[in-house]
Amino acid sequence: MIPGPIEFEPAVMQSVGQPTTSHVAPDFIASFGHALEMMREVWLAPAGQPFIIAGTGTLAMDMAGSNLIEPGESALVISTGYFGDRYAELLKRYGANVTLLKAATGDTVKVSEVEAELKKKQYKLMTFTHVDTSTAVMVDPAPLGLLGEKYGVLTVLDGVCSVAGEVIRQDDWKIDVVLTASQKAVGVPPGLALMVVSEKALAVWRERKTPVGNYYCDWSHWLPVMKAYEERRPSYFGTPAVNLVTGLETSLAIILKEGMDSRFARHQRLARVFRTAMKEMGLKMIPLSEEISAGTLSAPYYPEGVQGASFMKAIATSDVILAGGLLPEIKDKYFRVGHMGSVTNGDILATVSAIENALKSAGYSSGK
Ligand code: PMP
């Protein structure tokens, strides 16, 4: 129950475990092409250009950043935790002038504050994290996408902890890049960087005056490869992660069979149930309100008097694996529970029970 890598469906593991074929074998070309097509349905981005690249979520962030920023251009980064801060650092490497709008711990940045910042100068790019995995705070991407459209700013959504778990309607919300990694709600072992890019962002990228400062990430290498796979033609730039792509085809089919709206609703319901159980036990959550609490993971503070180390030691003897804190300033004060992908009612129940027992052995009694 950690926020990635999650537990994967047996059918996905079976696909990943098939003998590795050539990256230009006809059946692999068909799988790759099919996975690209299904990404548009999962991202709700019928007009977008999907990319499947070997790498992690940070590579997906790097790819969007390096292709869309030229040295000296301005980027606005909205940070709700550790991964927002990472995006600010990353964009500086490509020469961006970065303005960081940082939320207080557990809160989001108000849409009106973002708009006030966009009025001050012309930004090229704005990034925001849908669910920051360090805080479990969820940002509503819809108004931010529409602000980007209004002010002529490209928008990038870090959806590493949200795609295929939280509601995302990329086309409706006019978000130019929605990126993620395979190991979270998409449900495939770590190793794939995934993103869907709008035609508008590609048009801006085509007008670049300077070459992309990252050789591997340059879309001019990958765009023809993605197009070729969709047209069921062989192609090559870098060897794809063949087994993971086959697993991705299986996982995306499982996701679409559940249906996006049902999948979003299941995540919201299980998260709500989990938070209710934590609150009943007297635990406070990092996100300051229900409206900004994620469906994919939760981050409860340890109750008064409970030491993280003794709680984690007790959890280690249960059947449930949880994650510790990540945000440096409060790292030892909270823990994290992922509930995304194939998670069930039974998983939530077992987790709540393990937490209750671990709290008890760490000396805590909720008095209920
Ligand atoms: N953004 C968010 C919101 C994440 O949760 C993570 C990983 N936990 C990343 C980016 C980076 O992804 P990766 O670890 O796959 O590089």
Side-chain angles (χ1 to χ4, degrees), residues 1-8 43 51-66 75 77-91 93 100 102-103 105-106 108-109 125-141 144 155-168 175 177-196 214 216-217 241 244-245 247-248 251 267 271 286-287 292-299 321-328 331 334-341:
M1 300 296 287
I2 66 168
I6 64 159
E7 192 152 315
F8 305 113
W43 268 243
F51 288 83
I52 302 172
I53 311 286
T56 77
T58 308
L59 183 89
M61 295 167 75
D62 232 0
M63 189 171 255
S66 61
V77 173
I78 298 158
S79 175
T80 37
Y82 183 90
F83 291 102
D85 295 353
R86 173 176 290 191
Y87 226 148
E89 288 312 303
L90 186 156
L91 291 169
R93 291 286 176 96
L100 183 64
K102 210 166 152 66
T105 304
T108 55
V109 176
L125 186 73
M126 170 163 73
T127 72
F128 34 98
T129 317
H130 198 171
V131 173
D132 202 295
T133 321
S134 67
T135 56
V137 167
M138 187 189 58
V139 165
D140 182 0
L144 299 177
T155 45
V156 175
L157 177 67
D158 173 351
V160 173
C161 198
S162 72
V163 171
E166 305 286 359
V167 183
I168 299 178
I175 300 175
V177 180
V178 174
L179 61 88
T180 191
S182 51
Q183 74 273 17
K184 302 212 187 215
V186 168
V188 180
L192 291 179
L194 306 168
M195 76 197 73
V196 176
N214 182 315
Y216 182 74
C217 284
L244 294 177
V245 174
L248 179 66
S251 194
H267 280 80
I286 292 189
I292 60 168
S293 294
T296 48
L297 92 150
S298 297
I321 302 170
L322 305 182
L326 179 61
L327 199 65
K331 200 172 175 313
Y334 73 107
F335 63 100
R336 295 175 303 145
V337 180
H339 30 70
M340 62 187 121

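Just so you know, ligand 1 is whichever comes first in the structure, and atom 1 is the first atom listed for that ligand.
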### Message
For the backbone of I168 and the side chain of S162, can you confirm whether one donor and one acceptor N or O come within less than 3.5 Å of each other?
### Response
no
### Message
Let's go through V139 and I78 carefully: what are the C-alpha distance in whole Å and the side-chain angles of both, what is the deciding distance for side-chain contact (heavy atoms from CB on, under 4.5 Å) to 0.1 Å, and is it a yes or a no?
### Response
CA-CA 10 Å; V139 165; I78 298 158; 5.6 Å; no
### Task
Consider every N or O of R86 and every N or O of ligand 1, then say whether any pair is closer than 3.5 Å.
no
### Task
Identify, by atom number and element, the atoms of ligand 1 in contact range of V131, meaning under 4.0 Å from any of its heavy atoms.
3 (C)
### Message
Within the 4.0 Å heavy-atom shell around T133, which atoms of ligand 1 are there?
### Response
2 (C), 3 (C), 4 (C), 5 (O)
### Message
Please state which option from Y87, F83, Y82 has its nearest heavy atom closest to atom 6 (C) of ligand 1.
### Response
F83
#### Entry: From C217 atom SG to F51 atom CZ, the distance as rounded to the nearest 0.5 Å
11.0 Å
### Task
May I ask you to identify the nearest protein heavy atom to atom 8 (N) of ligand 1, giving residue, atom name and distance to one decimal place in Å?
K184 NZ, 2.8 Å
### Query
Where do L100 and D85 land on the side-chain contact (heavy atoms from CB on, under 4.5 Å) test, with the steps shown first?
CA-CA 8 Å; L100 183 64; D85 295 353; 4.3 Å; yes
### Message
Minimum heavy-atom separation for C161 and T133, please, with both atom names.
### Response
CB-OG1, 3.2 Å
### Query
Taking all atoms of both residues into account, what is the closest heavy-atom pair of M63 and Y216, and its distance?
CE-O, 4.4 Å
### Query
How does M61 reach ligand 1, by side chain, by backbone, by both or by neither, if only non-hydrogen atoms under 4.0 Å count?
side chain
### Message
Test of understanding: given a 4.0 Å heavy-atom threshold, classify the contact between T129 and ligand 1 as side chain, backbone, both, or neither.
### Response
side chain
#### Entry: Polar proximity ligand 1 side, G57 side, N/O cut 3.5 Å exclusive
yes
### Message
Taking M126's backbone N and O only, do any of them form a donor-acceptor pair with T155's side chain (distance below 3.5 Å, no angle check)?
### Response
no
### Summary
Residue, atom and distance of the protein heavy atom nearest atom 11 (C) of ligand 1 read T58 OG1, 3.4 Å
### Task
Can you sort out the partners of F335 under ring pair (Phe, Tyr, Trp, His ring centres under 6.0 Å), two or more places apart, ordered by chain and number?
Y302, F311
### Query
Which is it for D158 and ligand 1 at heavy atoms under 4.0 Å: side chain, backbone, both or neither?
side chain
### Message
Taking a cutoff of less than 4.0 Å between a non-hydrogen atom of the residue and any ligand atom, is L59 in contact with ligand 1?
### Response
no
### Query
Within the side chain of Y334, is there an N or O that forms a donor-acceptor pair under 3.5 Å with the backbone of L326?
yes
### Message
Less than 4.0 Å is my threshold; does some heavy atom of Q183 fall inside it relative to ligand 1?
### Response
yes
### Task
Using a 4.0 Å heavy-atom cut-off, say whether V160 meets ligand 1 through its side chain, its backbone, both or neither.
side chain
